[in-house]
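Keep in mind the model is a prediction, meaning the values are calculated, not measured. Throughout, residue positions are numbered sequentially from 1 according to the sequence presented. Counting convention: from 1, in listed order, for ligands and their atoms alike.
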Amino acid sequence: MAIVDIQSPGNLDFWVVPFTKYSTWLILLLIAIPLLRFGFQGRVLKNPSVPIAAVAPGESIKNARQRFRQEAQKMLLEGYRKYKGKPFYVPSPLGELLMLPPKYVEELKTAAVDEVDFVGTFFRMFEGKYTTMGSRATLHPRVARLQLNQYMETVLQPVNDEVVNAFNDEIPVTENWTEVRIGPKLHWITTRAASRMLGGKALASHGGWLQATLDFATDGFTGSQKIKAYPDILKPIFGPMLSEARRIPRHYEVTRNAVVPILESRREKRDAANDFLQWMADDAKGEEQDFIYMADILLKLSFATTHTSAATPVQLVYDLCDYPEYIPSLRAEMEEVLAQHKVLDKRALGKLQKLDSFMKESSRFNPLLVVTFQRIVHKGWTLSDGFTIPAGTQVGFPSQASAMDPDLYPDPEVFDGYRHEKVRAAVVNDPSAVGRTQWAAANLENMAFGYGRHACPGRFFASHEVKMIMVHLLMTYDFKYVAGQKGRPANVMAEEQMVPNHDTKIQMRRKRT
Ligand code: HEM
């Protein structure tokens with residue numbers, strides 16, 4: 001009989017024996033740690049001078065917190081209207097979120113990242129511990145802020161080519177009305193278009209990557225919703241067991257297999273390309289220079305670039321089916337711009353002001369997020385008027401409720417596709433005032449893209465990309481709801497996120513008029 005050395009880590013007993021011996025303590029420890037954490041979280045102090053909004057008479061706070069999952073939009077509107085200009089708490093499954101008025105957002109906009117933390121809220125929103133979503137890396141925000149905007153013109157034509165090819169592949173033009181499930185189709189087309197900017201033709205034509213970025217987004221979104229349904233104490237046990245979480249490592253593997261060879265081949269051939277991957281490679285320092293690091297970052301970034309932008313054209317199509325009277329004038333504007341410009345460059349796209357206005361109105365009703373400027377305030381904070389934010393508070397701005405404020409948008413409940421164009425017409429001689437009313441604007445009256453230090457750096461690219469998609473769509477196809485569709489299909493609400501309906505079919509055919 002062989003002598004077994006249980007002192008060796010290579011031997012199973014090395015691990016099993018102490019576990020058996022101390023199992024009771026280990027189990028107690030496993031239970032105690034999350035309990036302590038839970039207890040600590042529950043003790044985040046509230047500012048007692050701030051009211052809690054949107055709790056119905058007789059309703060428990062626990063119930064109101066759960067309602068936030070589906071009713072965030074309504075609850076925030078209620079709070080905004082009741083406490084306009086003042087801070088208020090809104091119940092959420094994470095505890096009460098502190099909604100700030102614009103004057104406090106202005107004060108916090110440039111606060112240090114370790115004190116007023118943007119990435120922390122992303123980790124919370126998408127349960128980053130289990131889904132890997134969110135990153136404290138600074139390479140991609142740096143490049144999105146600088147090179148993407150600096151070299152924008154160089155990527156627009158390739159992106160437009162990708163849009164046209166993707167439409168041809170995904171929605172062949174037919175003479176007769178054909179039913180198309182437009183949500184997933186536009187999502188795939190946007191994924192190809194965004195991938196062309198992220199990694200050139202090689203990435204945009206890599207089927208494995210396209211599927212991996214889509215699946216990563218779906219698994220991250222669905223997985224985080226499922227994990228959030230568990231109490232904090234059970235998340236470490238059930239989170240990693242969910243099929244969505246277990247699939248995620250595979251998405252990284254596929255991404256690395258797609259991205260690393262692109263970078264290697266460019267290095268070998270000394271072949272500098274013009275895309276996000278190349279700008280990252282040129283800007284990377286220290287550990288950022290590792291190709292696997294860049295591949296992983298690209299997958300995480302693709303969620304922010306692609307699956308955000310993809311929602312916009314879907315919402316626009318539903319609004320155009322609801323308000324088809326806008327289609328002729330939008331097409332007339334496009335025809336005029338196309339007649340003047342050979343290519344859809346920045347100048348040409350900038351002239352599509354009716355389209356920009358329609359996009360802005362669509363996003364006012366159906367934004368990606370109903371709360372933006374989300375931050376965790378790690379240390380207690382006192383604002384200039386003496387108002388205090390207790391340490392550990394998650395703050396935000398109720399951006400969609402603000403977009404429904406009659407002081408900012410008269411008759412806010414009315415969908416007026418050209419309302420923003422009319423405002424611009426009145427300030428036409430003041431370019432900064434015109435700029436402040438664009439779809440991609442980020443200021444205190446327009447918070448869909450956040451504000452301050454972390455305001456979305458990709459919003460100008462998103463604006464160009466969505467416009468290219470809409471130009472091709474409107475100039476190539478006629479479209480309308482299928483018979484029997486009763487108005488706009490409802491969005492899917494997941495706390496502060498608003499996702500367009502992906503089940504709805506519309507009818508499409510070759511444009512006739
Ligand atoms: C319709 C499309 C998009 C929407 C609605 C959107 C929205 C947002 C919002 C609300 C934020 C947080 C801002 C804040 O809290 O102050 C953000 C941040 C960010 N977005 Fe976007 N985004 C979109 C498209 C894009 C695109 C196309 C890119 C990249 C090319 C991008 C890259 C980023 C990055 C890197 C950040 C983090 C910035 C930082 O850490 O400082 N986004 N976005």
Of all the non-hydrogen atoms in the protein, which one sits nearest to atom 10 (C) of ligand 1, and at what distance?
Ala448 O, 3.5 Å
Heavy atom of Phe122, distance to ligand 1 below 4.0 Å
no
Return the residue, atom name and 0.1 Å-rounded distance of the protein heavy atom closest to atom 15 (O) of ligand 1.
Arg375 NH1, 2.8 Å
Which class fits the ring pair Phe303 and Phe122: parallel under 30°, tilted 30 to 60°, perpendicular over 60°?
perpendicular
Contacts of Asp503 that satisfy side chain to side chain donor-acceptor pair (under 3.5 Å) - sequence neighbours left out
none
Would you please test Glu421 and Lys354 for salt bridge (Lys or Arg N to Asp or Glu O under 4.0 Å) and show each step?
CA-CA 6 Å; Glu421 208 215 359; Lys354 280 192 163 57; 3.8 Å; yes
Aromatic contact, Phe216 with Tyr252 (centres under 6.0 Å):
yes
Residues which pass ring pair (Phe, Tyr, Trp, His ring centres under 6.0 Å) with Trp279, listed by chain and number, not counting sequence neighbours:
Tyr151
Below 4.0 angstrom from a heavy atom of Leu148, which ligand 1 atoms are there? Numbered from 1 as shown, please.
30 (C)
Please give me the protein atoms (N, O or S only) lying under 2.8 Å from atom 21 (Fe) of ligand 1, ordered by chain and number.
Cys456 SG
In ligand 1, the atoms that come under 4.0 Å of a heavy atom of Met197 are 30 (C)
What atoms of ligand 1 come closer than 4.0 angstrom to any heavy atom of Thr312?
1 (C)
Return the residue, atom name and 0.1 Å-rounded distance of the protein heavy atom closest to atom 39 (C) of ligand 1.
His454 ND1, 3.3 Å
For atom 12 (C) of ligand 1, what is the closest protein heavy atom, and at what distance to 0.1 Å?
Phe118 CE1, 3.6 Å
Does a salt bridge link Asp215 with Arg250, judged by any charged N lying under 4.0 Å from a carboxylate O?
no
Give a yes/no verdict on a cation-pi contact between Arg453 and Phe118, requiring under 6.0 Å between NZ or CZ and the six-membered ring centre and an angle within 45° of the axis.
no
Contact between ligand 1 and Glu465 is defined here as a heavy atom of the residue under 4.0 Å from a ligand atom; is it met?
no
Among residues two or more places apart or on two chains, list those pairs meeting ring pair (Phe, Tyr, Trp, His ring centres under 6.0 Å) that have a residue in residues 345-378.
Tyr326-Phe358, Phe358-Phe415, Phe365-Phe415
Looking at Arg136 and Asp117, does any basic side-chain N land under 4.0 Å from a carboxylate oxygen?
yes
Phe123 ring centre to Lys129 NZ or CZ under 6.0 Å, with the angle to the axis within 45°?
no
Numbered in order shown, the ligand 1 atoms found under 4.0 Å of a heavy atom of Phe373 are 15 (O)
Is the shortest distance from a Lys or Arg side-chain nitrogen in Lys84 or Asp405 to a carboxylate oxygen in the other one below 4.0 Å?
yes
For Trp439, counting its heavy atoms only, list the atoms of ligand 1 lying under 4.0 Å from any of them.
1 (C)
